[in-house]
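All remarks here apply to the structure that follows.
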Amino acid sequence: ISPELLIKHPLQNSWTLWFYKNDKQKQWEENQREISTFDTVEDFWALYNHIEAASRLQSGCDYSLFKAGIKPMWEDTKNKSGGRWLINLTRQQCINDLDSYWLETLLCLVGEAFDEQSDDICGTVVQIRTKGDKLAVWTGDLRNNDGILKIGMKYKERLGLPNKVCVMGYQAHADSMVICGSMPAQNRFTV
Amino acid sequence: GTRIIYERHELLQLRNSP
């Protein structure tokens, strides 16, 4: 038997998949649960093939994939100085593209698609919401302007989002933490 | 140092690997 079939393909990083379900009787942190951690391509697929598709989750649920050791929350030391590239999906995109966008995002992260900028990647979150689903890639350092822009451009290219029609914004977690109500945080960068 | 990078098609090819 070829060694290729016996040896799993290692990933550059270990990743943890988290699932959030909005139970209002519990604290936010209690609703965020680790599902599994993996560090090979085969184990990534074993997990992905096993779980419910994002589009089939109830409103209020999230999937998050973060490097092992980083919690999917602003307050984590690896996240708090950074921000996120955020896509607010249109109604049509929610229906047609959510699952493919989410998978493409996962492939970008586990495959280290951002080259040397991949070190600044913390994770990704998909949020299923009645008002419109959201997809975001989180990075760790707001000061890394060049890296943030390269990540944004590469991400937009991988998702196949048309350049002039779709503008993607990057928001600092520090800004998101202090906004009131449903006002969106300002975009520090756009692509 | 070296980085383990997988192209999109490489990851997809392994999706149904035993």
Side-chain angles (χ1 to χ4, degrees), chain A residues 1-15 17 38-51 53 65 67-68 99-121 124 137 147 150-151 154-161, chain B:
Chain A
I1 298 175
S2 164
E4 179 70 14
L5 295 176
L6 294 174
I7 302 169
K8 290 182 181 178
H9 294 73
L11 297 175
Q12 176 69 28
N13 285 287
S14 291
W15 298 90
L17 184 70
F38 57 87
D39 61 4
T40 69
V41 177
E42 286 79 3
D43 291 338
F44 160 70
W45 284 121
L47 179 60
Y48 180 82
N49 290 338
H50 180 75
I51 59 175
L65 185 79
K67 288 177 178 173
D99 290 331
S100 61
Y101 283 173
W102 174 235
L103 176 58
E104 194 64 36
T105 308
L106 298 177
L107 297 181
C108 284
L109 265 60
V110 304
E112 306 287 322
F114 304 104
D115 300 322
E116 68 273 11
Q117 311 304 332
S118 294
D119 289 339
D120 205 30
I121 295 288
T124 178
V137 169
K150 284 181 178 175
I151 288 169
K154 182 69 176 181
Y155 185 41
K156 193 176 178 183
E157 176 193 318
R158 283 288 294 260
L159 293 183
L161 297 173
Chain B
T2 56
R3 183 183 300 276
I4 304 174
I5 296 175
Y6 292 91
E7 297 291 334
R8 183 179 186 274
H9 71 272
E10 291 174 317
L11 293 171
L12 289 171
Q13 276 171 3
L14 292 170
R15 181 166 187 175
N16 296 315
S17 165

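What you see below is based on every heavy atom in this structure, not just the backbone, and it leaves out hydrogens, waters and symmetry mates. Residue numbers begin at 1 in each chain, while the letters A, B, ... track the order of the sequences.
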Q) Closest heavy-atom contact between A:Val110 and B:Tyr6? A)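 Reported closest heavy-atom pair: O-CD1, 4.5 Å.
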Could you tell me if the side chain of [Y] sits less than 4.5 Å from the side chain of [X], heavy atoms only?
X	Y	answer
A:His9	B:Glu10	no
B:Leu14	A:Glu42	yes
A:Trp45	B:Leu12	yes

Q) Can you list every pair that meets salt bridge (charged side-chain N to carboxylate O under 4.0 Å, His left out) and has a residue in residues 106-115 of chain A, with sequence neighbours left out? A)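 Non-adjacent pairs meeting salt bridge (charged side-chain N to carboxylate O under 4.0 Å, His left out): A:Glu112-B:Arg3.
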(Q) Tell me every residue that passes side chain to side chain donor-acceptor pair (under 3.5 Å) with A:Thr40, counting only those two or more places apart in sequence or in another chain. (A)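 If we apply the side chain to side chain donor-acceptor pair (under 3.5 Å) test to A:Thr40, skipping adjacent residues, the hits are A:Asp43.
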Q: Output all residues satisfying side chain to side chain donor-acceptor pair (under 3.5 Å) with A:Lys150, sequence neighbours left out; order by chain, then residue number.
A: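 So A:Lys150 forms a side chain to side chain donor-acceptor pair (under 3.5 Å) with A:Asp146.
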(Q) Is it the case that atom CZ in B:Arg15 sees more than 12 heavy atoms from other parts of the structure closer than 6.0 Å? (A)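 Correct, the count exceeds 12.
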**Q.** Best-contacting candidate, A:Gly111, A:Ser118, A:Ala46, against chain B by heavy atom pairs under 4.5 angstrom
**A.**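 That would be A:Gly111.
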**Q.** Per-residue contact mode, A:Tyr48 against chain B (heavy atom under 4.5 angstrom)
**A.**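 The side chain, not the backbone.
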Q: Tell me, out of B:Thr2, B:Leu11, B:Ile5, who's got the most heavy-atom pairs with chain A below 4.5 Å.
A: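 Max contact count across the listed options: B:Leu11.
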Q. For chain B, which residues from residues 99-109 of chain A lie under 4.5 Å away (heavy-atom distances)?
A.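 Under the 4.5 Å heavy-atom cut-off, A:Leu103, A:Glu104, A:Leu107 qualify.
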